[in-house]
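Some notes on the structure that comes next.
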Amino acid sequence: MRATQTLLGKSFLTRSLDELKRRSSIAWNLEAVKGPNGPRPLYEFDDGESVRDCILMSDDLIGGSSRSHLDHITTTSPSSSSSSSPTSYARFHGSISTALPSDRLKIKRTGYAAFRTPNQAPTLFGKSVWDIDPYIYLALRVKSDGRSYFVNVQTEGVEPTDLHQHRLFAKRPGQWETVVIKWNDFVRTNYGFVVEPQTEILRQRVATVGVGLTDRVEGPFELCIEKMWATNQPPEVEEPEAEQKGGLKTKKGENIKW
């Protein structure tokens with residue numbers, strides 16, 4: 001029992017020291033005035049513990065038949081098909097089913113799977129959240145199968161069931177790529193519906209970031225992800241993008257476009 005308490009105490013103090021160093025660096029380098037010196041890492045899937053700590057969800061929690069898994073993958077060397085392939089990442093995979101549970105007549109809709117980063121452990125400074133206010137973009141290093149995934153951001157807002165969502169528009173399915181999304185482009189939703197009036201994401205109090213699949217297309221899915229970070233580096237512009245429908249709808253049935 002004492003050994004466990006010691007380990008927990010050391011971990012708590014280590015986290016607190018890291019946060020103190022981060023805040024001191026911001027003050028010393030005048031980042032509040034000049035802007036951040038570089039990107040801010042949010043979450044890296046670089047070991048088994050970081051993957052196991054994530055929260056995994058699917059409609060099997062309500063009796064549905066969809067299945068989801070989140071595995072830690074390591075490779076000895078990058079794939080020959082892409083020199084930028086990581087050697088350690090998470091693999092989000094499973095299968096989507098829209099079958100309704102026969103013993104739960106109140107359930108009218110199934111066919112989803114998702115995961116999110118864990119709740120951040122506290123420090124001496126209190127409950128831990130990400131302050132991404134100095135940054136314009138959220139970046140994710142992913143390899144998609146081309147399905148319609150959403151990026152979900154949860155903040156310490158007034159309504160705990162609110163999510164800010166944006167489509168994960170992968171341009172090169174089957175290959176590793178960096179997807180960059182403006183924080184201000186996220187849409188506030190509640191239980192899958194767009195909330196009106198819209199409010200900006202609470203940038204100083206970001207609690208978790210995750211990925212979900214709600215296209216309700218039956219069959220297998222697979223998304224690999226290496227890391228997430230906040231950045232001011234704009235995405236590489238290859239060609240003008242056409243207006244895209246993201247899959248989100250208002251309660252009036254109107255599509256949200258990006």
Side-chain angles (χ1 to χ4, degrees), residues 51-71 90-119 138 140 142 144-170 173 179 181 185-202 205-225 228 243-258:
V51 175
R52 288 191 300 270
D53 286 346
C54 289
I55 309 301
L56 190 63
M57 298 158 279
S58 73
D59 60 35
D60 66 349
L61 297 173
I62 58 171
S65 300
S66 298
R67 297 292 181 265
S68 61
H69 310 278
L70 192 65
D71 303 327
R91 176 175 173 247
F92 176 50
H93 65 104
S95 62
I96 295 296
S97 170
T98 57
L100 298 175
S102 58
D103 57 342
R104 299 188 183 184
L105 300 181
K106 291 184 179 181
I107 303 300
K108 302 298 183 182
R109 187 181 180 89
T110 58
Y112 66 86
F115 75 91
R116 67 168 175 83
T117 56
N119 297 326
L138 168 66
L140 305 94
V142 299
S144 172
D145 57 5
R147 294 189 62 158
S148 301
Y149 296 92
F150 275 90
V151 179
N152 304 319
V153 176
Q154 188 176 27
T155 66
E156 291 284 310
V158 176
E159 181 53 63
T161 56
D162 276 357
L163 286 177
H164 285 80
Q165 296 185 290
H166 196 287
R167 266 286 301 276
L168 180 64
F169 288 116
V179 177
I181 305 169
D185 285 350
F186 279 85
V187 177
R188 180 183 167 212
T189 67
N190 192 284
Y191 292 108
F193 289 100
V194 176
V195 175
E196 297 292 351
Q198 282 288 304
T199 57
E200 288 189 4
I201 192 169
L202 193 58
R205 305 291 296 177
V206 173
T208 69
V209 180
V211 175
L213 179 61
T214 59
D215 60 7
R216 306 190 75 243
V217 176
E218 295 200 337
F221 67 87
E222 179 179 277
L223 176 82
C224 298
I225 181 166
M228 310 172 180
E243 188 178 66
Q244 303 185 69
K245 294 181 180 179
L248 286 178
K249 293 184 178 182
T250 66
K251 292 186 177 180
K252 296 180 180 179
E254 300 169 345
N255 285 310
I256 298 296
K257 298 177 181 180
W258 281 285

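Here the structure is a predicted model, which is why all the values come from computation and not from measurement.
- Atom CD of Glu200 has 12 or fewer neighbouring heavy atoms from other residues, nucleotides or ligands inside a 6.0 Å radius.
- In this structure the side chain of Asp71 never reaches within 4.5 angstrom of the side chain of Val51, judged on heavy atoms.
- Applying side chain to side chain contact (heavy atoms under 4.5 Å, CB included) to Ile96 and the options Pro220, Ser66, Ser68 leaves one that passes, Ser66.
- Here the CD atom belonging to Gln154 is positioned 9.5 Å from the CG atom belonging to Asn152, to the nearest 0.5 angstrom.
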(message) Does Leu223 form a side chain to side chain contact (heavy atoms under 4.5 Å, CB included) with Asp145? I'd like the steps, not just the answer.
(response) CA-CA 6 Å; Leu223 176 82; Asp145 57 5; 5.6 Å; no
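- Taken to the nearest 0.5 Å, the OG1 atom of Thr208 stands 5.0 Å off from the CZ atom of Arg116.
- Going from atom CG of Leu70 over to atom CE of Met57 covers 10.0 Å, rounded to the nearest 0.5 Å.
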Check residues 101-115 and write down every donor-acceptor pair under 3.5 Å in which the side-chain atom is one partner and the other belongs to a residue at least two apart or another chain.
| from | atom 1 | to | atom 2 | distance (Å) |
| --- | --- | --- | --- | --- |
| Arg104 | NH1 | Ile62 | O | 3.1 |
| Lys108 | NZ | Leu105 | O | 3.3 |
| Thr110 | OG1 | Thr98 | O | 3.1 |
| Thr110 | OG1 | Ala99 | O | 3.1 |

(request) With side chain to side chain contact (heavy atoms under 4.5 Å, CB included) as the test, would you mind laying out the steps for Phe92 and Leu56 before giving the verdict? (result) CA-CA 9 Å; Phe92 176 50; Leu56 190 63; 3.9 Å; yes
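- Thr117 contributes a side-chain N or O that, together with a main-chain N or O of Val209, makes up a donor-acceptor pair within less than 3.5 Å.
- Here Gln165 contributes atom CD and Thr189 contributes atom OG1; the two are 3.5 Å apart, rounded to the nearest 0.5 Å.
- Between atom CG of residue Asp59 and atom CG of residue Leu100 there is a gap of 9.5 Å, rounded to the nearest 0.5 Å.
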(request) Decide side chain to side chain contact (heavy atoms under 4.5 Å, CB included) for Val194 and Glu196; before the verdict, give the C-alpha distance in whole Å, the side-chain angles of both, and the deciding distance to 0.1 Å. (result) CA-CA 7 Å; Val194 176; Glu196 297 292 351; 3.9 Å; yes
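- To the nearest 0.5 Å, atom CZ of residue Phe221 and atom CZ of residue Arg67 are 11.0 Å apart.
- Contact record, Ala207 with Glu156: CB-OE2, 3.9 Å, taken as the closest heavy-atom pair.
- Counting all heavy atoms, side chain and backbone alike, Tyr149 lies closest to Arg167 at O-CD, 3.4 Å.
- Here salt bridge (charged side-chain N to carboxylate O under 4.0 Å, His left out) pairs that include residues 211-224, with residues two or more places apart or in two chains, are Arg91-Glu222, Arg147-Asp215.
- For the pair Asn190 (side chain) and Val195 (backbone), a donor-acceptor distance under 3.5 Å is absent.
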